[in-house]
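Quick notes on the structure that follows.
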Amino acid sequence: MKTLSENLQTYVGYDCDVLVAGGGFAGIASALAAARNGAKTILLEREFMLGGLGTLGLITIYLPICDGNGRQVSFGIAEELLKLSIKYGAQDRYPKAWLENGTLEDKKKKRFEVQYNPHIFAHLAEQLLIEAGVKILYGTSVCAVEKSGDRISEVITESKGGRCAISVKNVVDATGDADVCAMSGEDVCTNPFKNNLAGWYYGIGKDGQFLRQLGAADIPEDHNGENCVAPISNKKYDGLDAEEITDFMINSRKKAIEDILAKREAGDRNLEPSFVPMIPQLRMTRRVAGVLELTEEHSDTRFENSVGMVGNWRRKGPVIEVPYTCLYGEKVKNLITAGRCISASGNMWDIMRVIPVCAVTGQAAGTAAAFGVDFADVDVKKLQEKLVSDSVVLHISDLEEVK
Ligand SMILES: Cc1cc2nc3c(=O)[nH]c(=O)nc-3n(C[C@H](O)[C@H](O)[C@H](O)COP(=O)(O)OP(=O)(O)OC[C@H]3O[C@@H](n4cnc5c(N)ncnc54)[C@H](O)[C@@H]3O)c2cc1C
């Protein structure tokens, strides 16, 4: 392969305590937690809107923060962002029983989840981060890191202004693809099953606006499954290469438009797409190989180092305590992950990649990052105390029993 040595002089434009790479749900929660805990926080986002897959990717279903048996299991920022997303009204799935003092029976019937408007959420999240004192830099990608021993000393970015370095104490990798982990030599794993093509889009037809979940959809078994269709392509995607991602985007939009034309043909003559995906709807690409790798066997297990809990969106019942050690790896001491690139494998990766988990792991990662020490050196008891004082519930045994 032909290679080129670049002679680069990169200016150091900023310094911060906590650098959050990526402004999806995980990055939003991380930056919010870090800033609220007094850290000088910078959030870098490659695109020009917050929310990642949850806004630009049109994945606007905030999956349940309950266990399916009537018990809320995710609290703190996970609950705050869910409520923020519907501050000006839910698009669908308004969780009446949960927000209006419903009975346990009602809560068992309808899980605590919502469908929200992506544009309103992105705006509200932006305001929330600005209020918390987070410096947001849009159109800015992490492209490299500079290391000093086993720590990242600077994160190198590319933007309209060219290359710029940021001096950092701690880094949260919330890129969804573990980009910073890969760049800094942390151990990572890729997705052996690869990704199906997806083409979720919004349309406006004779019955008003709708979200079409085109492709193999993430619909919990207790939904009616009307949008749950077979894969729309035989091709599978790693999602880590520009050419392949380009192919994904082209085909995703092609399928969406074909779907619209088919619906017009079937009678909804004036159907229009209102939004097609702006970023690739890839579920799992690359993740950190953490100190602990969560697997499905860890459901309903007590972890003494739990930093919060999540439900299983695919099945009613199981509750997962999230151990602190599934957020970071062994090699790079001041790097932690949040969101869909934390350390979980097999089915558990699929269970742990969704929006509520991004918020729970983001709050934990951002809070830990604000401690200002290397992640393995964080006093976990103190971290847990801080999380509890910020409304997080850590253990299944802390939840009320329900019959
Ligand atoms: C088809 C599909 C259906 C899904 N259905 C649901 C569902 O119904 N409900 C649910 O809760 N979840 C669902 N999910 C999962 C969920 O949407 C995502 O896993 C979750 O939103 C991921 O959040 P995140 O913050 O970890 O990552 P992302 O949303 O991917 O955010 C990462 C952010 O980082 C930015 N970024 C990436 N690389 C860089 C870089 N190098 N430098 C700077 N910025 C960078 C990106 O632009 C992006 O904004 C679905 C996912 C897919 C693909």
Side-chain angles (χ1 to χ4, degrees), residues 19-31 42-65 78 81-82 85 93 113-116 118 121-122 125 136-145 155-159 172-183 195-201 211 213-220 223 227-228 231-232 237 239-240 245 248 252 277-287 310-311 313-314 337-342 349-362 365:
L19 183 130
V20 178
F25 271 81
I28 293 167
S30 305
I42 296 181
L43 181 145
L44 305 178
E45 171 50 50
R46 181 187 60 192
E47 310 293 333
F48 291 86
M49 191 190 247
L50 292 179
L53 279 164
T55 57
L56 291 157
L58 306 179
I59 311 296
T60 53
I61 299 166
Y62 200 122
L63 281 170
I65 58 171
L81 293 184
L82 181 146
S85 76
R93 306 186 187 203
E113 62 179 2
V114 296
Q115 188 182 322
Y116 56 89
F121 174 75
I136 303 170
L137 291 175
Y138 286 131
T140 306
S141 290
V142 177
C143 62
V145 299
V155 163
I156 317 286
T157 67
E158 282 275 7
S159 71
V172 182
D173 186 343
T175 59
D177 303 317
D179 283 7
V180 188
C181 293
M183 287 167 195
N195 290 270
N196 279 320
L197 184 65
W200 289 32
Y201 70 88
L211 171 65
Q213 297 163 244
L214 191 61
D218 292 353
I219 298 179
H223 287 144
N227 285 310
C228 200
I232 50 175
Y237 296 84
L240 293 169
I245 297 172
F248 188 101
S252 172
M278 301 295 177
I279 59 172
Q281 295 168 338
L282 291 155
R283 291 178 167 90
M284 292 164 285
T285 55
R286 183 170 55 199
R287 63 171 175 84
V310 297
W313 63 272
R314 305 198 311 188
T337 63
R340 64 187 170 94
C341 56
I342 65 162
W349 194 358
D350 191 47
I351 294 164
M352 297 297 283
R353 74 187 158 80
V354 296
I355 292 172
V357 188
C358 294
V360 169
T361 55

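Since the structure is predicted, the reported quantities are computational estimates derived from the model, not experimental observations. Just follow the structure's listing: the first ligand is 1, and inside any ligand the first atom is 1.
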Checklist entry - Just by distance, do the side chain of Asn196 and the backbone of Ala198 share a donor-acceptor pair under 3.5 Å? => result no

Next on the checklist: Go through it in stages, so that I can follow the logic: the residues are Tyr62 and Glu113, the test is side-chain contact (heavy atoms from CB on, under 4.5 Å), and I'd like the CA-CA distance, side-chain angles, deciding distance and then a yes or no.
Outcome noted: CA-CA 6 Å; Tyr62 200 122; Glu113 62 179 2; 5.8 Å; no

Checklist entry - Is it the side chain, the backbone, both or neither of Ala26 that has a heavy atom closer than 4.0 Å to ligand 1? => result both

Checklist outcome for this item: A student checking ligand 1 against Ala198 at a 4.0 Å heavy-atom cut-off should list atoms 1 (C)

Next on the checklist: If I apply the N/O under 3.5 Å rule, does Ala21 come out as touching ligand 1?
Outcome noted: no

Item to check | Pairwise side chain to side chain donor-acceptor pair (under 3.5 Å) hits with a residue in residues 50-60, at least two apart | outcome: Thr60-Tyr202

Item to check | Proximity of Ile59 to ligand 1 by residue part, where a heavy atom lies under 4.0 Å | outcome: side chain

Checklist entry - Does Asp177 have a heavy atom less than 4.0 Å from any atom of ligand 1? => result no

Checklist entry - Counting heavy atoms only, which part of Leu282 comes closer than 4.0 Å to ligand 1: side chain, backbone, both or neither? => result backbone

Checklist entry - Is it the side chain, the backbone, both or neither of Leu50 that has a heavy atom closer than 4.0 Å to ligand 1? => result neither

Item to check | Carboxylate-amine/guanidinium proximity below 4.0 Å for Asp177 and Arg287 | outcome: no

Item to check | Gly215 heavy atom under 4.0 Å from ligand 1 | outcome: no

Item to check | Donor-acceptor under 3.5 Å (Glu45 side chain, Gly23 main chain) | outcome: yes

Checklist entry - Out of curiosity, is Leu56 lining ligand 1, as in a heavy atom under 4.0 Å away? => result no

Checklist entry - Can you tell which part of Trp313 has a heavy atom less than 4.0 Å from ligand 1: side chain, backbone, both or neither? => result neither

Checklist entry - Taking heavy atoms and a distance under 4.0 Å, where does Ala174 meet ligand 1: side chain, backbone, both or neither? => result backbone

Checklist entry - Who gets closest to atom 10 (C) of ligand 1 by heavy atom: Asp350, Ile61, Val155? => result Ile61

Checklist entry - Where does the angle between the aromatic ring planes of Phe121 and Phe25 fall among parallel (under 30°), tilted (30 to 60°) and perpendicular (over 60°)? => result parallel

Checklist entry - Any N or O on Phe25 sitting closer than 3.5 Å to an N or O of ligand 1? => result yes

Item to check | Sub-4.0 Å atoms of ligand 1 with respect to non-hydrogen atoms of Gln281 | outcome: 53 (C)

Item to check | Any side-chain heavy-atom pair of Val172 and Thr337 under 4.5 Å | outcome: no

Checklist outcome for this item: With heavy atoms and a 4.0 Å threshold, my read on which part of Asp179 contacts ligand 1 is side chain

